[in-house]
Q: 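Next up is a structure, given as structure tokens.
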Amino acid sequence: MTTSAPIASPAAPAMPTTTRIPQTLLVLGASGDLTGRLLLPGLGRLVASGALPGLRLIGSGMDDWDDERWRRRVTESFATVGADGPRETELIGRSWYVPADVTREEDLRRLLGDCTGPLVIFFALPPMVAARSAAALARIGVPPGTRLMLEKPFGVDRISARSLNNLLATLVPEEQVHRIDHFLGKSTVLNLLGLRFANRIFEPVLNSTHVACVDIVFDETLGLEGRAGYYDGAGALVDMVQSHLLQVLALLTMEPPPSLEARELRGRLAQVLRATRLWGDDPVMSSRRGRYTAGEIAGRRLPSYVDEPGVDPARGTETLAELVLTVDTWRWAGVPFRLRSGKAMAGVRKEAVITFKQPDRVPDGLTGYERPDRLRIGFGPDRLGLDLNINGPGNPFDLDQVDLLAEFGPGDLPAYGEVLRGAFDGDPTLSVRGDVAEECWRIVEPVLAAWKAGAVPLRDYPAGSAGPADSLLGPASGWRLPRPAERSSH
Ligand SMILES: NC(=O)C1=CN([C@@H]2O[C@H](COP(=O)(O)OP(=O)(O)OC[C@H]3O[C@@H](n4cnc5c(N)ncnc54)[C@H](OP(=O)(O)O)[C@@H]3O)[C@@H](O)[C@H]2O)C=CC1
Ligand SMILES: O=C1O[C@H](COP(=O)(O)O)[C@@H](O)[C@H](O)[C@H]1O
């Protein structure tokens with residue numbers, strides 16, 4: 001371990017899990033919600049797959065827990081995904097807990113002294129604590145080859161993201177910083193790569209000549225689910241749009257990479273996000289926000305968001321966010337990208353929908369053209385759909401729309417298992433690069449500022465409804481986005 005100079009430790013060579021060198025995973029924030037609900041279940045499945053023989057697991061946090069209490073937590077979390085086999089039991093049996101304030105150098109020194117072999121540090125900490133912990137680590141140094149995993153939100157705005165990036169750069173090389181976006185570990189999201197680049201039929205029409213509009217929607221029926229501690233400080237825009245949905249947008253719009261090697265793929269993602277901005281550069285016209293009130297979803301009663309335990313109504317946190325973006329490249333200029341994520345909605349809708357322009361000419365005599373063709377990529381359930389106009393049953397000259405649908409199963413690992421695998425393998429392909437994290441803040445910052453200034457009303461919508469009436473995602477036909485030229489009239 002280096003002990004003094006704040007100099008980035010040397011880069012670790014990529015280390016596939018199959019290399020079988022026992023590694024150590026140090027979880028900072030061991031008693032937290034994210035650790036229990038997402039990190040440990042992902043880890044459990046990865047361990048069950050046999051990918052991490054000899055892994056040492058250390059949990060750490062402020063709580064005065066002992067090893068038994070920690071092992072119980074790991075066991076319970078693993079059990080939620082059926083990770084209860086001999087490999088998992090063995091790992092749990094030799095994992096331990098170290099009480100520590102991870103913002104204090106002496107505590108961190110003690111913690112690092114316990115770690116042997118290649119080390120992965122997972123910061124499951126509130127963002128400000130994570131930044132202070134990283135600063136303390138930068139003062140004492142970390143063992144060479146250490147990989148750092150950081151949760152979203154990465155910083156709280158562009159400036160703080162940049163200073164966190166600068167700080168981390170003094171600790172380890174960029175390739176060893178794994179900024180987590182678990183959507184990049186979702187098999188359906190990754191399927192965008194196969195769909196686009198391993199077929200001849202879609203890629204040639206994915207451009208402004210043929211595409212009218214792209215919607216990326218992640219509507220959930222879930223409400224707050226006891227997560228006020230995290231969510232009330234984030235809100236839908238930061239929780240879902242600034243992070244996950246922008247990554248989906250980038251995968252849908254980037255130019256083809258020559259390979260999926262980290263440098264190539266992340267370079268393409270960064271390039272297209274640099275060209276992405278608000279529609280008309282107008283944060284007021286191009287955004288909407290809402291907050292659910294009491295209601296019922298499929299027989300389940302939800303309280304109003306503001307009455308959920310731990311929520312501070314004065315924060316004005318939104319539970320639904322919409323943005324319209326433009327991707328200002330030769331390929332996409334002029335195509336609106338409408339992003340939305342809402343909680344406590346009437347139904348689950350998790351998909352990207354590419355709506356194609358109407359054909360320039362439908363021959364006279366073919367009647368009944370009503371809807372444009374659409375390509376739908378579902379992110380849960382995992383499915384791919386193509387809505388096409390065909391000569392349906394009955395009158396052969398009367399058009400009908402059919403939906404060609406393919407369902408496919410989930411990937412081998414849950415998304416968190418997939419992103420963890422990347423860190424253990426020393427492969428940052430599925431991690432957010434530092435400049436991309438800053439770019440995503442740059443895209444949403446004008447909206448955050450407009451909302452803070454009260455320039456966009458926070459609309460109420462009842463839980464179990466379709467969201468506020470002034471949605472920017474109106475019906476596909478008969479509805480038009482505000483154009484830059486119309487801005488002054490609003
Ligand atoms: N929860 C979620 O669903 C999601 C969370 N995230 C992100 O994950 C991170 C963690 O969130 P979450 O788990 O919800 O937060 P929690 O508040 O539930 O957990 C935070 C953990 O950090 C510990 N902690 C705080 N300060 C210190 C310190 N100085 N030294 C050691 N441990 C400390 C806490 O211990 P103690 O309780 O004893 O203070 C607790 O174990 C955040 O960055 C959040 O933005 C991202 C997406 C989803
Ligand atoms: O990161 C988050 O994602 C989930 C949705 O992702 P999923 O993998 O659970 O489908 C979202 O509910 C949560 O608010 C957000 O923090």
Side-chain angles (χ1 to χ4, degrees), residues 188-189 191-219 245-256 268 272 275-276 279-280 286 322-340 349-379 381-393 396-408 471-484:
T188 24
V189 171
N191 270 325
L192 286 170
L193 298 170
L195 178 74
R196 289 189 60 197
F197 305 130
N199 293 289
R200 261 204 110 91
I201 55 174
F202 297 119
E203 198 52 21
V205 294
L206 291 183
N207 55 54
S208 61
T209 307
H210 299 287
V211 173
C213 174
V214 178
D215 292 339
I216 302 174
V217 177
F218 208 91
D219 285 350
L245 300 196
L246 284 179
Q247 297 299 323
V248 173
L249 173 133
L251 283 164
L252 261 176
T253 55
M254 69 179 184
E255 292 305 315
R268 290 290 199 262
V272 80
T276 301
W279 186 262
S286 64
E322 291 185 0
L323 284 192
V324 185
L325 300 170
T326 177
V327 178
D328 231 348
T329 60
W330 181 286
R331 186 199 273 259
W332 291 112
V335 176
F337 288 81
R338 311 187 300 186
L339 275 51
R340 177 172 79 198
R349 185 178 167 212
K350 303 176 178 178
E351 60 177 2
V353 182
I354 299 165
T355 302
F356 292 95
K357 290 181 174 169
Q358 293 193 6
D360 289 339
R361 178 90 172 87
V362 177
D364 294 342
L366 270 183
T367 55
Y369 183 95
E370 279 173 4
R371 280 179 289 166
D373 23 330
R374 289 183 300 185
L375 176 62
R376 295 171 171 274
I377 302 132
F379 303 123
D382 298 347
R383 56 164 63 138
L384 189 65
L386 190 57
D387 300 348
L388 294 175
N389 291 305
I390 59 155
N391 299 30
F397 300 107
D398 202 16
L399 294 166
D400 282 298
Q401 195 156 70
V402 286
D403 180 9
L404 309 181
L405 190 67
E407 307 255 3
F408 37 98
S471 169
L472 292 166
L473 277 83
S477 58
W479 178 86
R480 206 159 62 86
L481 280 162
R483 292 188 181 282

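Bear in mind the structure is a predicted one, so any value in this text is a computation, not a measurement.
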Q: Taking the side chain as every heavy atom from C-beta outward, state whether L249 and V214 have any atom pair closer than 4.5 Å.
A: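 When only atoms from C-beta onward are counted, V214 and L249 do not touch, as no gap falls below 4.5 Å.
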
Q: Side chains of F337 and T276: closer than 4.5 Å at any heavy-atom pair?
A: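 The answer is no; the side chains never approach within 4.5 Å.
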
Q: Which distance, rounded to the nearest 0.5 Å, do you find between the CZ of R374 and the SG of C213?
A: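 So the gap between those two atoms works out to 10.5 Å.
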
Q: State, with a plain yes or no, whether a side-chain heavy atom of V272 is found less than 4.5 Å away from one of L252.
A: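 Not touching, per the 4.5 Å side-chain cut-off.
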
Q: Name all residues meeting the side chain to side chain donor-acceptor pair (under 3.5 Å) criterion together with R361; count only those two or more places apart in sequence or in a different chain, and write none if there are none.
A: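 Listed in chain order: D364.
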
Q: Can you name the nearest heavy-atom pair linking V324 to P336, along with the distance?
A: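 Taking V324 first and P336 second, the nearest heavy atoms are CG1-CB, 4.0 Å.
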
Q: With rounding to the nearest 0.5 angstrom, report the CG to OG1 distance, N207 to T253.
A: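 Reported value, rounded in 0.5 Å steps: 12.5 Å.
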
Q: Name all residues meeting the side-chain contact (heavy atoms from CB on, under 4.5 Å) criterion together with Q401; count only those two or more places apart in sequence or in a different chain, and write none if there are none.
A: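 Q401 satisfies side-chain contact (heavy atoms from CB on, under 4.5 Å) with R371, D387, N389 only.
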
Q: Which pair of non-hydrogen atoms, one from R376 and one from V353, has the smallest distance, and what is that distance?
A: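 Taking every non-hydrogen atom into account, NH1-CG2, 3.9 Å.
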
Q: Using a 4.5 Å cut-off on heavy atoms from C-beta on, say whether the side chain of L206 contacts that of R196.
A: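 They are in contact (side-chain heavy atoms under 4.5 Å apart), so the answer is yes.
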
Q: Between V335 and V327, is any pair of side-chain heavy atoms under 4.5 Å apart?
A: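 Not touching, per the 4.5 Å side-chain cut-off.
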
Q: At what distance, to the nearest 0.5 angstrom, does CD1 of I354 lie from CD1 of I377?
A: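 Reported value, rounded in 0.5 Å steps: 4.5 Å.
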
Q: Identify, with sequence neighbours excluded, every residue that meets salt bridge (Lys or Arg N to Asp or Glu O under 4.0 Å) alongside D373.
A: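 With neighbours one apart ignored, the set is empty.
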
Q: Nearest heavy-atom pair of F379 and A352: which atoms, and what distance?
A: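 Heavy atoms only, the tightest pair is CE1-N, 3.6 Å.
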
Q: Who pairs with D328 by side-chain contact (heavy atoms from CB on, under 4.5 Å), at least two apart in sequence or on another chain?
A: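 For D328, the residues satisfying side-chain contact (heavy atoms from CB on, under 4.5 Å) (neighbours in sequence not counted) are R277, T326, A333.
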
Q: Side-chain contact test, heavy atoms from C-beta onward, threshold under 4.5 Å: evaluate it for L193 versus M254 and give yes or no.
A: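 L193 reaches M254 side chain to side chain.
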
Q: Taking the side chain as everything from C-beta on, heavy atoms only, tell me whether R338 gets closer than 4.5 Å to L472.
A: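 No, every pair of side-chain atoms sits at 4.5 Å or beyond.
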
Q: What closest approach, in Å, do N391 and P396 show between heavy atoms, and which atom pair accounts for it?
A: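 Reported closest heavy-atom pair: ND2-O, 2.5 Å.
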
Q: Just jot down the side-chain contact (heavy atoms from CB on, under 4.5 Å) partners of R383, sequence neighbours excluded, or say none.
A: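 By the side-chain contact (heavy atoms from CB on, under 4.5 Å) rule, R383 matches P381, L405, E407.
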
Q: Can you establish whether the number of heavy atoms outside Y369 located under 6.0 Å from its atom OH is more than 12?
A: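 Yes - once you tally the heavy atoms of other residues, nucleotides and ligands closer than 6.0 Å, there are more than 12.
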
Q: Nearest 0.5 Å please: distance from the CD atom of E203 over to the CZ atom of R331.
A: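 Rounded to the nearest 0.5 Å, the CD-CZ separation comes out at 4.5 Å.
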
Q: Hey, are D219 and R340 close enough for a salt bridge, meaning a charged N less than 4.0 Å from a carboxylate O?
A: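 R340 and D219: salt-bridged.
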
Q: Would you say the side chain of L251 lies within less than 4.5 Å of the side chain of V189, judging by non-hydrogen atoms?
A: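 V189 vs L251: side chains touch.
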
Q: Just by modelled atom types, is the V205 backbone N or O under 3.5 Å from a matching donor or acceptor in the T209 side chain?
A: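 Pair absent, no side-chain N/O of T209 close to backbone of V205.
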
Q: How many angstroms lie between CG in L323 and CG in L339, if you round to the nearest 0.5 Å?
A: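 Separation between the atoms: 6.5 Å.
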
Q: List the residues meeting side-chain contact (heavy atoms from CB on, under 4.5 Å) with L386, not counting sequence neighbours, and say none if there are none.
A: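 side-chain contact (heavy atoms from CB on, under 4.5 Å) check on L386 returns F202, L375, L388, L404.
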
Q: Rounded at 0.5 Å granularity, tell me how far OG1 in T188 sits from CZ in F408.
A: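 Answer for the OG1-CZ pair, T188 versus F408, is 6.0 Å.
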
Q: Please give me the minimum heavy-atom distance between W279 and S286, naming the atom from each residue.
A: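 W279 and S286 have their closest heavy atoms at O-CB, 3.8 Å.
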
